[in-house]
Amino acid sequence: MAITVIEGFDALTVAYVVTKYPLTAAFGADMVTGRYGGQGYRPGPGNQNGEWVVPAGALGSFAMGAGLRTPLGGFSTGINLIRFNTSAGNRQFTVGLKNDGTVVVAAGTSLASPLASSAAGVVTSDTWFYMEVELIISDTVGRCTVFVNGTQVLTISGVDTKGSTTTVVDEIRFTIAGTGGGGLVIDDFYLVDAATRLGESRVTTLVPTADTADKDWGRSTGADNYALVDELPFVTTDYVTSATIGDLDLYDFGNLPYTPVTIHAVQTSMFAAKDDAASRTVRARLKSGATSSNGTNLGLSATHVQKLDLYATDPNTAAAWTTSAVNALQAGPETV
């Protein structure tokens with residue numbers, strides 16, 4: 001089982017979210033306070049059908065989790081909260097909410113005759129909850145289990161979960177489906193490529209707090225490299241820069257603000273662009289203990305793009321990350 005997507009939104013502007021995740025219908029989308037501070041993404045404030053669309057990568061068996069907050073009420077059959085679609089936009093499976101906080105699931109598009117329903121009141125209107133969905137797409141051995149705040153609220157197995165002609169999901173769409181009262185807010189998202197949940201999770205974004213001995217890159221201003229790349233969300237008005245192959249900038253980071261029971265992964269995030277016509281390539285480097293690991297190369301364009309590299313285990317130990325290892329790691333860009 002591998003984690004394929006981690007998103008906490010803290011580093012992103014709303015304009016970049018709309019660009020990064022394709023097919024997003026952004027009706028006045030904005031960023032609001034997240035589940036534990038930071039930022040959450042609201043794809044459509046008010047009574048609009050805004051969406052957040054996550055590419056799933058043709059998965060037939062997977063699990064996902066997300067922190068969600070949404071108003072309830074005013075619907076005859078419920079809110080189409082999460083839609084699992086094919087690449088052609090056909091809906092395989094739907095997770096919805098009724099006015100009374102009941103979770104419902106259905107193959108295809110209609111929630112009028114759901115495959116299963118939870119008890120009423122497992123979700124409270126306009127209050128944060130964490131939903132996890134384990135899903136296998138099949139017309140004979142389909143399975144879906146839904147958890148809210150760590151508690152299983154419904155499960156089905158040996159049923160038809162295939163609402164289309166294929167057996168995979170290519171995109172996951174979160175939609176407010178016309179809800180009023182402020183709209184759906186999303187935070188702390190993960191996706192794994194097996195139908196086994198991680199458990200209620202939180203995405204915490206750490207920023208550089210100090211330079212290290214590896215300080216090769218130049219600066220747009222000032223004397224401290226880390227201070228030019230420590231903003232949340234990211235900005236392009238100050239930056240570090242290099243045109244010399246092998247230049248490396250490593251930074252120390254702030255400590256985790258809590259001690260997690262489990263650290264499922266560490267992900268580096270870098271926003272980069274070039275300012276001339278020559279070919280330019282960079283990568284991120286992560287250093288844990290005595291071990292350095294290179295991210296994959298990023299060929300630059302004139303437009304800033306985000307580069308993510310995910311480390312499910314600590315490169316220094318090949319074991320699960322510990323709080324002390326995360327607090328001590330260093331990371332930064334290298335000119336390739």
Side-chain angles (χ1 to χ4, degrees), residues 1-12 33-41 54 59 61-69 82 95 103 118 122-124 127-136 143-155 172 174 185-209 232 251-269 286-291 293 308-331:
M1 181 177 72
I3 302 173
T4 62
V5 181
I6 298 173
E7 185 57 77
F9 297 105
D10 293 336
L12 304 182
T33 302
R35 185 162 155 252
Y36 292 104
Q39 292 190 142
Y41 178 56
V54 185
L59 295 176
S61 174
F62 59 91
M64 53 128 291
L68 304 170
R69 193 186 75 213
I82 309 174
V95 175
V103 178
S118 74
V122 298
V123 170
T124 302
T127 300
W128 282 107
F129 62 96
Y130 201 82
M131 178 176 283
E132 295 175 282
V133 179
E134 299 175 341
L135 185 59
I136 297 174
R143 175 171 72 84
C144 178
T145 306
V146 179
F147 300 81
V148 173
N149 298 331
T151 299
Q152 180 179 305
V153 298
L154 67 82
T155 187
I172 301 171
F174 292 81
V185 184
I186 309 159
D187 200 1
D188 296 335
F189 176 83
Y190 77 78
L191 176 67
V192 296
D193 62 358
T196 304
R197 71 186 181 114
L198 296 181
E200 185 172 348
S201 299
R202 174 178 174 182
V203 180
T204 299
T205 305
L206 304 178
V207 298
T209 56
L232 291 178
Y251 316 115
D252 289 325
F253 288 76
N255 290 346
L256 288 166
Y258 56 94
T259 302
V261 175
T262 302
I263 301 175
H264 298 294
V266 166
Q267 181 173 259
T268 59
S269 171
L286 181 144
K287 183 178 181 182
S288 176
T291 304
S293 295
L308 301 171
D309 291 290
L310 194 149
Y311 300 86
T313 57
D314 182 347
N316 192 48
T317 64
W321 286 96
T322 64
T323 300
S324 59
V326 171
N327 291 344
L329 68 75
Q330 298 175 347

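As the structure is a computational prediction, the values presented were derived from the model and not from experiment. Heavy-atom basis, side chains included; hydrogens, waters and symmetry copies ignored.
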Rounded to the nearest 0.5 Å, what's the gap from [atom1] on [X] to [atom2] on [Y]? Could you check?
X    : Y    : atom1 : atom2 : answer
Q267 : T205 : CD    : OG1   : 9.0 Å
T204 : I263 : OG1   : CD1   : 9.5 Å
E7   : I186 : CD    : CD1   : 10.0 Å
R35  : F129 : CZ    : CZ    : 10.5 Å
Q330 : F253 : CD    : CZ    : 9.0 Å
F189 : I172 : CZ    : CD1   : 4.5 Å

By salt bridge (Lys or Arg N to Asp or Glu O under 4.0 Å) - contacts of D309 (at least two apart): K307
So, does [X] use its side chain to make a donor-acceptor pair with the main chain of [Y] at under 3.5 Å?
X    : Y    : value
D314 : A319 : no
S118 : L154 : no
D193 : A2   : yes
E132 : A63  : no
Y190 : L198 : yes
D187 : G34  : no

Y251/T209 under side-chain contact (heavy atoms from CB on, under 4.5 Å): CA gap, chis, key distance, verdict: CA-CA 7 Å; Y251 316 115; T209 56; over 6 Å; no
For [X] and [Y], which heavy atoms make the closest approach, and how far apart are they?
X    : Y    : answer
G289 : N316 : CA-ND2, 3.8 Å
W128 : T33  : CZ2-O, 3.8 Å
M64  : L191 : CB-CD1, 4.0 Å

With the side chain counted from C-beta on, respond yes when [X] and [Y] share a heavy-atom pair under 4.5 Å apart, and no when they do not.
X    : Y    : answer
L68  : V123 : no
W321 : L329 : yes
P260 : T323 : yes

Anything under 3.5 Å between a donor and an acceptor, one on a side chain of residues 145-153, the other on a protein residue two or more places apart or in another chain? List them.
residue: T145; atom: OG1; partner: T155; partner atom: OG1; Å: 2.8
residue: N149; atom: OD1; partner: Y130; partner atom: N; Å: 2.8

Partners passing side chain to side chain contact (heavy atoms under 4.5 Å, CB included) against S61 (at least two apart in sequence or in another chain): I136, A195
Residues S288 and Y311: side-chain donor-acceptor under 3.5 angstrom: no
side-chain contact (heavy atoms from CB on, under 4.5 Å) between M131 and V103, worked out: CA-CA 10 Å; M131 178 176 283; V103 178; 4.0 Å; yes
